[in-house]
Amino acid sequence: MSAGLKLNQVKKAYGAVQVLHGIDLDIKSGEFVVFVGPSGCGKSTLLRLIAGLEDITEGTLEIGGTVVNTLPPSKRGIAMVFQSYALYPHMTVYENMAFGLKLAKASPDEQDKRVREAADMLQITPYLDRLPKQLSGGQRQRVAIGRAIVRDPKVFLFDEPLSNLDAALRVATRLEIAKLHERMADTTMVYVTHDQVEAMTLADRIVVLNYGVVEQVGTPMELYHTPANLFVARFIGSPAMNIVSATITSSGAPATVQPKTGNPVTINAEVDATYVDAEATFGVRPEDLVPTNGPGLFTGTVSIVEKLGEVTLAYLDTGLPDPITVKIDGDVEIIKGATMTVTAPADRLHLFDETGAAFPRMQFSHAAE
Amino acid sequence: MAPTQSTIQIVPTGPGRHPKRVKSELMRQRLRAAGWFLVPMLVALAIVAGWPLLRTIYFSFTNASLTNLYGAEWAGFKNYLNWTVLKSGRVIWSGLLADPVWWNAVWNTIRFAVLSVTLETILGTVVALVLNAEFKGRGLVRAAILIPWAIPTVVSARMWSWMLNDQFGIINDLFMMLGLIDHKIAWTASGDTAMIAVLIVDVWKTTPFMALLILAGLQMIPRDIYEAAAIDGVHPIKTFWRVTLPLVRPALMVAVIFRLLDAMRIFDLIYVLTPNSSQTKTISVLARENLIDFDKFAYGSAQSTMLFLIIALMTILYIWLGKVRFDGGDR
Ligand SMILES: Nc1ncnc2c1ncn2[C@@H]1O[C@H](COP(=O)(O)OP(=O)(O)O)[C@@H](O)[C@H]1O
Ligand SMILES: [Mg+2]
């Protein structure tokens, strides 16, 4: 009872507006895949195509090896959890969960067994007789998940299920969903969110979408360490990566670039000779920057200090268009207005060409962490 | 809420704990202001609704006539029910409740109200469901469908009475051409068809109103509930009965009660379309006849008062039985 998903050049247009531009994806059975991207990039649309709530304009969608383009949602072996829960307001929790089974003419015993199992799993048994309006947001979301579980789906779809919950509940429910994935190891899960933290914590693999195009597919750590392009580099990680424009001065591995101001910078990236003198950008994550007394990557005045307890964020005015963000572990005393020099090892720098595509990183290994 | 449920009691503390006794100065100010805002409305209502109602009720207990309104004498319940015992020992009943013309009007009114509101509810629901679907030019259709409702009843009644005319009417022409009838029918004049004619015109006129009220209810139902139903594999017809109808019910009930009250008072359409048919004479038409034409002002007042009582009773029953709540929720 499990199935992978295969999308082949899937496109979606609303009238003349092209929303998805040929999505190719191969999702393995039992995998937890997260679609992440900014608002309006087409995540929900893609999920709804998989669910069968919208028609695929072009391309094919396979679930479990069968093309399902024309199959109605109920025949696809999917279940979906909506952002706004979409519970039937006039039915009790029990009826909400049993409704699909009842109409599928499951025996009352079977219905009862499945509903109670799911309710047990989600600890909503005490509320089975209540109406949705008598539940809190978190409880409603559990009921919505329970209703999906009862369907015993091959593919579990979530559309921003946590976005209507408060911060504490969001973390708790995120853990619940992670546990659910463990318990339903055979079930493929596709999860949509605009929150990269949710994506990083939940996903086996992340699909980064932007303007209806897949920017990169990979494990959370692949995306963090080797973003394929500027968009992914900026999107993954918080605070966002510092990006500086520069000119490539020497090719090879490592390569050197010259920013508009300051010293030349050596970057552990493989750059072809044809790129010499080309415009480029390099990036460095705030957490990879460390203060130094010697010559560094950036020197500037501290304009703002943000203390979060576990980390301290400093924003440096270096004469570049954007301030440089520095993230330092712990509660560190940094004086506003002081001059600060920061540096980063050459293997922590990312180099992107003019189009934003990343140059391959040299002998990069996660073990070097 | 079901009694088995545990509910958390939040015990207020601090100054708000005894709202009855410790009414803050601010609260009193607000109540005073609210009172002043209500006064003009209450005065207007008392003048245009309260006073005429009380006068009508008063006249119904007198022997007032149109020519002698102020010299009216108290007559007790005579207008409603009265009896005289003849020398022969025969008892003669008189008054409203013993008047077959009255009961005919009551029956006509109820028949008209039930039939028209039923038809309008069904058709209105269908129209609302169509208008709720997405299609090009929906806004235009929504506006266009309101036209019958916007035309003054007297005008549309005249219009229909021409169309229904037995000699020159387009309806007869059309039906003859289509072979539906083999001779021209005097729709409004014939006793068999007068009620049908009235119903057709009323349904034509009022369905749009019904449809818009129901449409407003339909649009309150979130779209994703239908998507959840689609994923649950609920057949569209089942979805209508099990999801749409229960959720639109509060709006539907309010629409039905509005229409029902309106239909019970029906006057203008019948007065213009079928003024002399005993088949369609409703309470309002009969009351006007007595008040004005027959110079039985007190008797007409009694009929008006009875209509008021019937409508009030129906409303109370309807709200009670139908569990209608006017704030939109379920009781
Ligand atoms: N029914 C629709 N008709 C026209 N455009 C739509 C429709 N649904 C979504 N879109 C457009 O498609 C784009 C992607 O929407 P969506 O998938 O909801 O984005 P998100 O990534 O925030 O979930 C948006 O620009 C949106 O305006
Ligand atoms: Mg979305």
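The figures here come from the full heavy-atom set of this structure, side chains too, leaving out hydrogens, waters and symmetry mates.
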Any side-chain heavy-atom pair of F99(A) and V243(B) under 4.5 Å
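F99(A) vs V243(B): side chains touch.
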At their closest point, which heavy atom of S74(A) faces which heavy atom of G233(B), and how far apart are they?
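Minimum heavy-atom contact is CB-CA, 3.2 Å.
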Closest non-hydrogen atom pair, A228(B) against A86(A):
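Here A228(B) and A86(A) meet closest at CB-O, 3.8 Å.
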Within 6.0 angstrom of [X] [atom1], more than 12 heavy atoms from elsewhere:
X	atom1	result
K205(B)	NZ	yes
F135(B)	CZ	yes
F308(B)	CZ	no
L38(B)	CG	yes

Would you sort out whether R147(A) and D232(B) count as a side chain to side chain contact (heavy atoms under 4.5 Å, CB included), showing the intermediate values?
CA-CA 9 Å; R147(A) 182 172 65 179; D232(B) 271 342; 4.1 Å; yes
Between chain B and each of Q83(A), K75(A), R76(A), R48(A), count heavy-atom pairs under 4.5 Å; write down the option with the most.
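So the answer, after comparing Q83(A), K75(A), R76(A), R48(A), is R48(A).
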Is there a side chain to side chain contact (heavy atoms under 4.5 Å, CB included) between R249(B) and H90(A)? Walk through the geometry before answering.
CA-CA 11 Å; R249(B) 206 190 62 129; H90(A) 57 299; over 6 Å; no
Shorter than 4.5 Å, heavy atoms on both sides: which option in L247(B), I221(B), I231(B) has the most such pairs with chain A?
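Maximum pair count with chain A is reached by I231(B).
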Tell me, side chain or backbone of L101(A) under 4.5 Å from chain B's heavy atoms, or both, or neither?
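For L101(A), there is no contact with chain B at all, as no heavy atom is under 4.5 Å.
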Under a 4.5 Å heavy-atom cut-off, does chain B meet the side chain of A79(A), its backbone, both or neither?
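Contact with chain B is through the backbone of A79(A) alone.
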Side chain, backbone, both or neither: which part of R242(B) has a heavy atom under 4.5 Å from chain A?
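Both parts, backbone and side chain.
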